[in-house]
Amino acid sequence: QVQLVESGGGLVQTGGSLRLSCAVSGRTFSSYRMGWFRQAPGKEREFVAAIRWSGGTTYYADSVKGRFTISRDYAKNTVYLQMNSLKPEDTAVYYCAAQNYGRSPMSSREYDYWGQGTQVTVSS
């Protein structure tokens, strides 16, 4: 089992920044890739970014490229999502997810473990 705990969400104005953290515990050696997804009210959960633990290959949704950066810290078993130039349309609950082995990095169905989510609200 892998446990994921997100933190760092909050309320920020348009153009501001936030850094989300995802602390990974449990069978961390079994995690192949970590991802961030988000879900706004009335919308489906959508892919934001993903990173492989080994090698650090990253993937981003077009809507966040150039504004968001995903990274990982082996020593702390933590994955981060640095979010800059935030827009009201970034408002959502952000979820951290872990994938046990290599599959599509952008499909929420291909992830095995999920955190409880953290709310990000961007005011206009």
Side-chain angles (χ1 to χ4, degrees):
Q1 284 287 349
V2 174
Q3 291 80 43
L4 308 175
V5 179
E6 303 98 333
S7 60
L11 174 64
V12 65
Q13 292 185 335
T14 296
S17 298
L18 283 174
R19 189 178 78 157
L20 305 183
S21 299
C22 175
V24 186
S25 61
R27 293 170 58 90
T28 56
F29 62 87
S30 68
S31 295
Y32 176 85
R33 182 181 285 127
M34 301 295 297
W36 285 98
F37 290 78
R38 67 187 182 186
Q39 188 167 18
K43 295 188 177 181
E44 293 188 353
R45 190 168 297 188
E46 66 173 1
F47 169 76
V48 175
I51 187 168
R52 279 187 59 177
W53 274 114
S54 175
T57 303
T58 58
Y59 308 82
Y60 294 95
D62 288 342
S63 59
V64 306
K65 279 181 183 176
R67 300 189 298 123
F68 291 10
T69 302
I70 189 171
S71 62
R72 82 271 193 255
D73 186 323
Y74 276 124
K76 296 182 178 180
N77 281 334
T78 300
V79 176
Y80 303 98
L81 185 67
Q82 177 66 44
M83 306 185 295
N84 299 328
S85 302
L86 283 161
K87 306 174 182 180
E89 51 263 44
D90 294 318
T91 296
V93 177
Y94 283 70
Y95 297 91
C96 176
Q99 199 176 63
N100 275 349
Y101 59 94
R103 285 161 286 174
S104 168
M106 299 183 182
S107 172
S108 61
R109 294 187 298 272
E110 304 295 349
Y111 283 78
D112 304 291
Y113 303 99
W114 291 85
Q116 82 288 350
T118 185
Q119 176 70 47
V120 171
T121 303
V122 184
S123 63
S124 57

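Every value quoted in this text rests on a predicted model; they were computed, and no experiment measured them.
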**OP:** Scan for salt bridge (Lys or Arg N to Asp or Glu O under 4.0 Å) pairs involving residues 112-124, sequence neighbours excluded, and state none if there are none.
**Re:** Arg103-Asp112

**OP:** Not counting sequence neighbours, list each pair that qualifies as a ring-ring contact (aromatic ring centres under 6.0 Å, His included) and has a residue in residues 48-80.
**Re:** Trp53-Tyr74

**OP:** Enter the distance from Tyr95:OH to Gln39:CD here, rounded to the nearest 0.5 Å.
**Re:** 5.5 Å

**OP:** Would you name the heavy atoms of Thr91 and Gln119 that are closest together and state the gap between them?
**Re:** CG2-NE2, 4.0 Å

**OP:** For residues Ser17 and Ser85, report the shortest heavy-atom separation together with the two atoms involved.
**Re:** OG-N, 4.3 Å

Subject >> Shortest non-hydrogen contact between Thr78 and Ala23, atoms and distance >> reply: OG1-CA, 4.2 Å

**OP:** Return the minimal non-hydrogen interatomic distance between Met34 and Cys22, and the atom names on each side.
**Re:** CE-SG, 4.1 Å

**OP:** Determine whether Val24 and Arg72 make a side-chain contact, defined as any pair of heavy atoms from C-beta on separated by less than 4.5 Å.
**Re:** no

Original post:
Above 12 or not: heavy atoms from other molecules or residues under 6.0 Å from CD of Gln116?
Top reply: yes

Original post:
Would a 4.5 Å heavy-atom cut-off, applied to side chains only, mark Ser63 and Arg38 as touching?
Top reply: yes

Original post:
What is the minimum heavy-atom distance between Ser108 and Trp114, and which atoms define it?
Top reply: O-CZ2, 3.4 Å

**OP:** Please name the pair of heavy atoms, one in Pro105 and one in Ala50, separated by the smallest distance, quoted to 0.1 Å.
**Re:** O-CB, 3.9 Å

**OP:** Find out whether Met83 and Trp36 are in side-chain contact, i.e. whether some heavy atom of one side chain is under 4.5 Å from a heavy atom of the other.
**Re:** no

